[in-house]
Amino acid sequence: MERVVSGIRPTGPLHLGNYFGAIKNFLLLQEREECFFFVADWHSLTTHPKPENLKKRTEQLLIEMLACGIDPEKATLYVQSDIREISELYLYFNMLAYKGELERVATFKEKIRKHANNVNAGLLTYPVLMSVDIIIHKATKVPVGKDQEQHLEMTRNFVNRFNHLYGPLFPEPEAYNFGNELVKIPGLDGSGKMGKSEGEKNAVFLGEDPSSIIKKVKRAVTDSGPERPGMPVSEPVQNLFDIMKQVSDPATLAFFKEEYAQARIRYGDLKKQLAEDIVKFTAPIREKIRELSANPASIREIREAGAARAGESARKTIEEVRALIGID
Ligand code: TRP
């Protein structure tokens, strides 16, 4: 069995893109591997969130992960900051990471470009913290998207450096390969990825009210419609088909594609159907979010149990590390 680690930053409520991206993979993985899934609250500090927001979002994400079906009996589910050993290992690994290699990371260069006024050291060493998240449990596999592959490569570099300097302790983690099961959910704004732009209009959240979902989908970007049969499908319309593929039944999608091909599609009908199917698809998750939110004691219990299990694994690693590097 592989040991798997993955985290999600608590930057906002989960949307359909998160569900069909990370979460669905987590659900598959918890059935067949030894999994550690966590809320990456320390990672989100790079942008200085308001304390009360960070706290709320962290709890919210934990609830949403549970509502989606992450099962704390099958996977170890925890909050990153509950495991203080991670911060200690982060200190040690910062000594093994070079400024030059950190500056060459694509996600860092993008952050510099976008947030030139907040290029803090935490941002620079983000890949170190992420590496530590993974190796604290000696994980072998990490389910991540393309944008995170460079971070995994750096993790392997840091691990190699550690193993050479102090002795072979850590395995080299690799991306978990799902073959072609990976799905990208586009946004409702006509291009790109759901949740990519800051505006809330391009994403449908899992816990969102049906009336709000319907309103959002109604406003989704389309085009002026096919002028004659056989026209190619424009990106915004293809996006709606892509979402429909995940939430509707295949016959529904086939029907609207055919309507398009015959140039008699009515986008109003397409959106009405899509909204209805999204509402239906998210209903059990929405219900579960409500249920869990009403029971903070049970959430606290789950959080503590997860921290105990993750903590045990982390302590074992950190003790081995201390012994190897001469800090006992
Ligand atoms: N960097 C990841 C992201 O932005 C989140 C993350 C933090 C993570 N630590 C991790 C993912 C460890 C996998 C393993 O999506």
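Note that the coordinates shown come from a computational prediction; the quantities given were computed from them, not determined experimentally. Just follow the structure's listing: the first ligand is 1, and inside any ligand the first atom is 1.
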Please test Phe256 against Tyr267 for side-chain contact (heavy atoms from CB on, under 4.5 Å), starting from the C-alpha separation and ending with a verdict.
CA-CA 9 Å; Phe256 283 104; Tyr267 291 141; over 6 Å; no
Please step through salt bridge (charged side-chain N to carboxylate O under 4.0 Å, His left out) for the pair Arg161 and Glu101, ending with a clear verdict.
CA-CA 13 Å; Arg161 246 169 251 163; Glu101 65 185 337; 2.6 Å; yes
Using the rule given for side-chain contact (heavy atoms from CB on, under 4.5 Å), can you reason through Glu258 versus Ile265, listing the C-alpha separation, both sets of side-chain angles and the distance that settles it, and then say yes or no?
CA-CA 8 Å; Glu258 183 58 19; Ile265 191 165; over 6 Å; no
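In summary, the atoms of ligand 1 found under 4.0 Å from a heavy atom of Gly7, numbered by their order in the structure, are 5 (C), 6 (C), 8 (C), 11 (C), 13 (C), 14 (C). Close contacts between ligand 1 and Val142 involve ligand atoms 13 (C), 14 (C) [criterion: under 4.0 Å to a heavy atom]. Remark: ligand 1 atoms within the under-4.0 Å shell around heavy atoms of Phe38 are 9 (N), 10 (C), 12 (C). Near Ser6, meaning under 4.0 Å from one of its heavy atoms, ligand 1 places the atoms 11 (C), 13 (C), 14 (C). Less than 4.0 angstrom separates some heavy atom of Tyr126 from each of these atoms of ligand 1: 1 (N), 2 (C), 3 (C), 4 (O), 5 (C).
Residue Val144 touches ligand 1 through its side chain alone, judged by heavy-atom distances below 4.0 Å.
By the 30° and 60° cut-offs, the orientation of the rings of Phe93 relative to Phe170 is perpendicular. Classified by interplanar angle (parallel below 30°, tilted 30° to 60°, perpendicular above 60°), the ring pair Tyr78/Phe38 is parallel.
Taking 4.5 Å as the limit, some side-chain heavy atom of Lys216 sits within range of a side-chain heavy atom of Leu188.
The protein non-hydrogen atom at the shortest distance from atom 9 (N) of ligand 1 is Asp133 OD2, 2.7 Å. Regarding atom 2 (C) of ligand 1, its nearest protein heavy-atom neighbour is Gln148 OE1, 3.4 Å.
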